[in-house]
Asks: 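Below is one structure. I have some questions about it.
Note that this is a predicted model, so its numbers are computed, not measured.
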Amino acid sequence: MTELMGRDGTWAFDGEGIRIVPGRGRGVHKLRADLGEFTVPLAAVATISYEPARKGGRLRLRLREGADPLLQVTGGSLPDDADPYQTAVDPGRVDVAEYFVDTVRQARTLEQVPDGPADRYLLPGPPVPLTAAGVDGIAAFDGERLRLEWRWNTSEIKRKGGPRDFTLPELAAVEWRAPSGLESGFLRFRPRGTTRQPAPDQDPNSLELWGFKKESGTTALLAAAVAVRLPHPSAGAPLPGPGKALEAAAPAAPAAAAPAVSDDHDTLLRRLRELGELRRDGVLTEEEFTAAKAAVLARFPTAG
């Protein structure tokens with residue numbers, strides 16, 4: 001057992017998975033506290049790295065694409081203090097952090113864990129029931145049914161429609177997006193057969209989000225709890241990129257199959273850009289970057 005303790009919490013590796021226990025201090029983000037203790041199976045780990053800093057550093061875990069519903073719905077847009085897959089390393093624990101990284105990397109090599117996307121969720125998602133508040137409403141999910149209720153300040157179209165209730169079979173997708181600049185974020189649920197996507201303040205199936213306050217992080221957890229109970233995005237379609245909806249699988253008509261190659265091509269190009277940024281920021285070593293880049297290039301479709 002390899003264990004690293006710090007102000008953000010404790011990480012422990014037993015050869016099969018990394019158990020992450022959030023800290024209990026006031027500085028720990030509410031999203032991490034609400035998510036609670038969980039274990040990342042070794043099969044879900046893509047890379048792990050230690051990032052040195054002037055005082056201590058940071059341990060960062062990157063999971064395989066499609067392995068975790070929380071990362072899938074948030075698209076990597078969680079702020080650092082809310083991200084459960086990184087933890088601060090105190091100056092006196094640097095040696096332990098480096099040993100932790102080496103131990104996990106060796107285990108991945110021995111177990112021949114693939115770097116590519118997962119074809120199913122390898123983490124169970126946040127525990128339910130969950131209740132999450134947006135600017136104009138509240139969502140509640142018990143594992144089977146979802147309910148949206150509106151606040152006094154919601155738009156007229158939402159108020160006239162009244163509360164919304166869904167069972168999981170009625171939902172095609174869930175999408176979560178953090179606010180950006182003056183643009184509102186949202187927690188959106190797309191019923192089957194729905195194609196129109198109004199602005200979040202006018203969408204009766206969405207909660208509007210402003211800013212990323214500690215309280216609003218629960219909306220991301222609720223989105224992940226719903227997503228993990230919908231068909232995995234790899235079922236019949238390429239994995240969606242950051243911020244895209246997790247669509248339930250449905251048989252595609254022959255005429256609609258062609259765009260999938262283009263979508264996959266765009267996803268792979270974005271992946272290459274992300275890898276370049278990770279190498280530039282020091283998250284990936286040159287060796288890790290080269291191996292990951294080769295794996296992505298191998299997935300590009302070739303001319304028939």
Asks: Only counting residues at least two apart or in another chain, list the ones meeting salt bridge (charged side-chain N to carboxylate O under 4.0 Å, His left out) with D68.
Replies: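 In terms of salt bridge (charged side-chain N to carboxylate O under 4.0 Å, His left out), with neighbours along the sequence ignored, D68 is linked to no residue.
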Asks: Please name the residue in the list V40, L35, L71 that meets the side chain to side chain contact (heavy atoms under 4.5 Å, CB included) test with P84.
Replies: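 Considering V40, L35, L71, a side chain to side chain contact (heavy atoms under 4.5 Å, CB included) with P84 is found only for L35.
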Asks: With a 4.5 Å limit on heavy-atom distance, are the side chains of P129 and F141 in contact?
Replies: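 In short, these two side chains do not touch, never coming nearer than 4.5 Å.
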Asks: Assess whether a salt bridge exists between R192 and E170, defined as any Lys/Arg side-chain N lying under 4.0 Å from an Asp/Glu carboxylate O.
Replies: no
Asks: The test is side chain to side chain contact (heavy atoms under 4.5 Å, CB included); show your working for W11 and L61 and say whether it passes.
Replies: CA-CA 11 Å; W11 287 23; L61 190 64; 3.9 Å; yes
Asks: Does CD belonging to E156 count more than 12 external heavy atoms closer than 6.0 Å?
Replies: no
Asks: Test side chain to side chain contact (heavy atoms under 4.5 Å, CB included) on K30 and T218 and set out the steps.
Replies: CA-CA 8 Å; K30 190 174 186 298; T218 315; 3.8 Å; yes
Asks: With salt bridge (Lys or Arg N to Asp or Glu O under 4.0 Å) as the rule and sequence neighbours excluded, what pairs involving residues 197-207 come up?
Replies: R188-D203
Asks: Strictly by ring-ring contact (aromatic ring centres under 6.0 Å, His included), give each pair with a member in residues 75-102 just once, sequence neighbours left out.
Replies: F38-Y85
Asks: Is there a donor-acceptor contact under 3.5 Å from the side chain of T74 to the main chain of L70?
Replies: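 Checking the backbone N and O of L70 against the side chain of T74, a donor-acceptor pair under 3.5 Å is found.
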Asks: Under the 3.5 angstrom rule, does the side chain of T154 hit a backbone N or O of R151 as a donor-acceptor pair?
Replies: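 Not confirmed, T154 side chain does not pair with R151 backbone.
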Asks: Under 3.5 Å, is there a donor-acceptor pair between the side chain of R58 and the main chain of P52?
Replies: no
Asks: Do side-chain atoms of R64 reach the backbone of G116 as a donor and acceptor pair under 3.5 angstrom?
Replies: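 Between the backbone of G116 and the side chain of R64 there is a qualifying donor-acceptor contact (under 3.5 Å).
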Asks: Looking only at side chains, do R164 and N205 share a donor and an acceptor under 3.5 Å apart?
Replies: yes
Asks: Check whether any side-chain heavy atom of V104 lies under 4.5 Å from a side-chain heavy atom of I18, and answer yes or no.
Replies: yes
Asks: Decide if atom CD of Q202 counts as having more than 12 heavy atoms of other residues, nucleotides or ligands within a radius under 6.0 Å.
Replies: yes
Asks: Can any side-chain N or O of D80 pair as donor or acceptor with the backbone N or O of D83 at less than 3.5 Å?
Replies: no
Asks: Give me the one residue out of V226, L221, V228, L222 that meets side chain to side chain contact (heavy atoms under 4.5 Å, CB included) with P126.
Replies: L221
Asks: Is a side-chain N or O of R108 found less than 3.5 angstrom from the main chain of V113, in a donor-acceptor match?
Replies: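 Here the side-chain-to-backbone pair exists.
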Asks: Enter the distance from E175:CD to Q72:CD here, rounded to the nearest 0.5 Å.
Replies: 12.0 Å
Asks: Not counting sequence neighbours, list each pair that qualifies as a salt bridge (Lys or Arg N to Asp or Glu O under 4.0 Å) and has a residue in residues 89-99.
Replies: R7-D90
Asks: List the steps and the verdict of side chain to side chain contact (heavy atoms under 4.5 Å, CB included) for S184 and W210.
Replies: CA-CA 6 Å; S184 297; W210 291 350; 3.0 Å; yes
Asks: Checking side chain to side chain contact (heavy atoms under 4.5 Å, CB included) against M5, which of V21, T87, T10 comes through?
Replies: T10
Asks: List the residues meeting ring pair (Phe, Tyr, Trp, His ring centres under 6.0 Å) with F166, not counting sequence neighbours, and say none if there are none.
Replies: none
Asks: Could you tell me whether the side chain of R105 and the main chain of I48 form a donor-acceptor pair under 3.5 Å?
Replies: yes
Asks: Does anything in residues 123-138 form a salt bridge (Lys or Arg N to Asp or Glu O under 4.0 Å)? List the pairs, not counting sequence neighbours.
Replies: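 Sorted pair list: D136-K158.
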Asks: Could you walk me through whether I138 and L148 pass side chain to side chain contact (heavy atoms under 4.5 Å, CB included), step by step?
Replies: CA-CA 6 Å; I138 297 173; L148 300 179; over 6 Å; no
Asks: Under a 3.5 Å cutoff, is there a donor and acceptor pairing between the side chains of S234 and D119?
Replies: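 The criterion, which ignores hydrogens and geometry beyond distance, is not satisfied for D119 and S234.
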Asks: Looking at R32, R24, R60, which one forms a salt bridge (charged side-chain N to carboxylate O under 4.0 Å, His left out) with D8?
Replies: R32
